[in-house]
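Step one of this worksheet: look at the structure below.
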Amino acid sequence: MELFHLRYFVAVAEQLSFSGAARRLHMAASPLSRRVRDLEHELGAALFERDSHHVRLTEAGATLLPIARDILARADDIPWRLSRVSAGGRDVVLVGVPPGLHESLREGLRTLERRLAGWYDLRRWPGGSEDLARAVARGELAAAFVRLPVRGPEAAALEVLEVLAEPLGAVLPAAEFGSRTSVSLAELRDHAYVVAAPGLAPAYFDRLDRELSEAGVKQRIRLKTGDYTGTGEIVAQGSAFSVSILGERTAMRRYRHEDTVLLPFSDFDPFLVTGLVWRADRYVADPALRRLVARAKEMTGLGEPLRSRRVIRFPKAPPAA
């Protein structure tokens, strides 16, 4: 039995779907199913009941699940415990950073790096929000900035501090909306909403998709490639729109197409919220993480107010021990 057998088993047990677990693990369903059957053969017990519509844990599977989670948690703790000491004897703490992070948060990170330089090196690790949250839950990263909400089984293990709320607007063809200052959802019912490729947009955009559908926006163009610039190309041709972050300090402005405009909604108020996440049990055991969170909570003035929502300030907190 290898650790990857347990990791595959836990993914299927938490998703109760081989296809869903395969997507989460970035692999095909058939090899995943074979590895789970190999584990069942080695243990001499069926772990799942399978039929054409459902996957259920057997009694043996339900017994194994908490044991497997504990083993994986202990194994996942190894990297951060060993990474505490670098080759020169100086501690290194990794913080995850998603694409398009607001400039005010990047400035805040630079401030944190300076404030913590006397204790350790704070280094950034890039990735998508869901991958970063899983990396924090596995112990590979000390903390991460992620787009909220955090979904999946790792959410229960994480503490979340909201740090920024950014208003969203509609990306529209300039030929049709170039003279406008806002747009209503009713005006978009005859336009197709361009949906980003799976795994590219934050989890909040799944909720946004449902809200647009409930408002009468039914048509969809679903992209298959992970290229933000492709969205602008489609919108520029007309009869389509997408949703992006308003404001000039957002990193997403670099993807704006010259033949599109970005307008606020007149009858809709969506926000993309960014949070700092860390593992609750690691916070108790790791003084470096406690110092990072305490210094982050002391920070104020992370950016200018954003439309009707302001930047969420870190509350004051006493210095970490």
Side-chain angles (χ1 to χ4, degrees), residues 97-109 128-130 144-151 160-174 176-189 191-196 200-217 220 228-229 231-232 234-236 240-277 299-315:
V97 178
L101 192 67
H102 194 274
E103 287 182 7
S104 66
L105 290 183
R106 291 192 176 277
E107 292 168 1
L109 264 175
S129 288
E130 292 191 11
F145 289 98
V146 300
R147 309 300 192 183
L148 302 179
V150 176
R151 60 185 176 185
V160 179
L161 179 69
E162 293 184 0
V163 296
L164 185 70
E166 297 175 84
L168 301 175
V171 181
L172 298 156
E176 185 177 355
F177 293 92
S179 62
R180 300 286 299 278
T181 57
S182 65
V183 66
S184 69
L185 288 178
E187 295 176 275
L188 299 178
R189 288 173 182 164
H191 290 64
Y193 172 45
V194 182
V195 181
L200 187 63
Y204 172 73
F205 276 68
D206 292 341
R207 173 183 159 188
L208 180 66
D209 196 336
R210 294 192 298 271
E211 291 177 340
L212 290 173
S213 182
E214 291 169 0
V217 180
R220 297 289 184 275
Y228 287 112
T229 59
T231 302
I234 293 174
V235 171
F241 75 99
S242 64
V243 174
S244 187
I245 301 170
L246 290 169
E248 289 306 313
R249 298 193 72 200
T250 171
M252 297 306 294
R253 69 183 183 278
R254 73 187 67 171
Y255 299 107
R256 294 176 187 172
H257 192 282
E258 60 184 3
D259 293 324
T260 65
V261 292
L262 177 58
L263 300 178
F265 294 100
S266 60
D267 56 351
F268 187 42
D269 203 26
F271 282 85
L272 182 62
V273 179
T274 301
L276 181 68
V277 301
M299 291 170 57
T300 59
L302 287 180
E304 78 280 5
L306 300 175
R307 202 176 169 202
S308 61
R309 285 279 292 274
R310 65 177 177 83
V311 174
I312 300 174
R313 310 293 186 187
F314 289 113

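For this chain, numbers begin at 1 and follow the sequence in order. The structure presented is a predicted model; accordingly, all values stated were derived computationally and were not measured.
- Heavy atoms only, all atoms of each residue included: Val183 and Ala170 are closest at CG1-CB, 4.0 Å.
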Test log, rule side-chain contact (heavy atoms from CB on, under 4.5 Å), inputs Ile245 and His102: CA-CA 10 Å; Ile245 301 170; His102 194 274; 5.8 Å; no

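- In this structure, Val171 and Thr231 have side chains that are not in contact, with every pair of non-hydrogen atoms separated by 4.5 Å or more.
- Taking CD from Glu166 and OG1 from Thr274, the interatomic distance works out to 5.0 Å, rounded to the nearest 0.5 Å.
- Here the CG-CG distance, from Asp267 to Leu185, works out to 4.5 Å after rounding to the nearest 0.5 Å.
- Nearest heavy-atom pair, Ala240 versus Val235, reported as atom, atom and distance to 0.1 Å: O-CG1, 3.6 Å.
- With sequence neighbours excluded, the residues forming a side chain to side chain donor-acceptor pair (under 3.5 Å) with Asp206 are Arg151, listed by chain and number.
- Atom CG in Leu262 sits 4.5 Å away from atom CG in Leu246 (nearest 0.5 Å).
- With a 4.5 Å cut-off on side-chain heavy atoms, Arg180 and Val261 do not count as touching.
- The backbone N or O of Ala215 lies less than 3.5 Å from a partner atom in the side chain of Arg189, making a donor-acceptor pair.
- When all heavy atoms of Asp259 and Ala236 are compared, the closest pair comes out as CB-CB, 3.8 Å.
- The shortest side-chain heavy-atom distance between Glu162 and Leu148 falls under the 4.5 Å cut-off.
- Leu208 has its side chain within reach of Tyr193: a pair of non-hydrogen atoms, C-beta onward, lies under 4.5 Å apart.
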Step by step, would you call Leu109 with Leu101 a side-chain contact (heavy atoms from CB on, under 4.5 Å)? CA-CA 11 Å; Leu109 264 175; Leu101 192 67; 4.3 Å; yes

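- The salt bridge (charged side-chain N to carboxylate O under 4.0 Å, His left out) check on Glu211 picks up Arg207, with sequence neighbours excluded.
- Expressed to the nearest 0.5 Å, how far CG of Leu188 lies from CZ of Phe241 amounts to 5.0 Å.
- Of the residues Pro167, Pro270, Ser182, the one that meets the side chain to side chain contact (heavy atoms under 4.5 Å, CB included) test with Phe265 is Pro270.
- Nearest heavy atoms, Ser129 versus Arg147: OG-N, 2.9 Å.
- Every residue two or more places apart in sequence or in another chain was checked for a ring pair (Phe, Tyr, Trp, His ring centres under 6.0 Å) with Tyr204, and none qualifies.
- One finds the OG1 atom of Thr260 at 13.0 Å from the CD atom of Glu176 (value rounded to the nearest 0.5 Å).
- Of all heavy-atom pairs spanning Pro99 and Gly128, the tightest one is CD-CA, 4.3 Å.
- Side-chain contact between Val146 and Val160 is absent, with no heavy atoms from C-beta onward closer than 4.5 Å.
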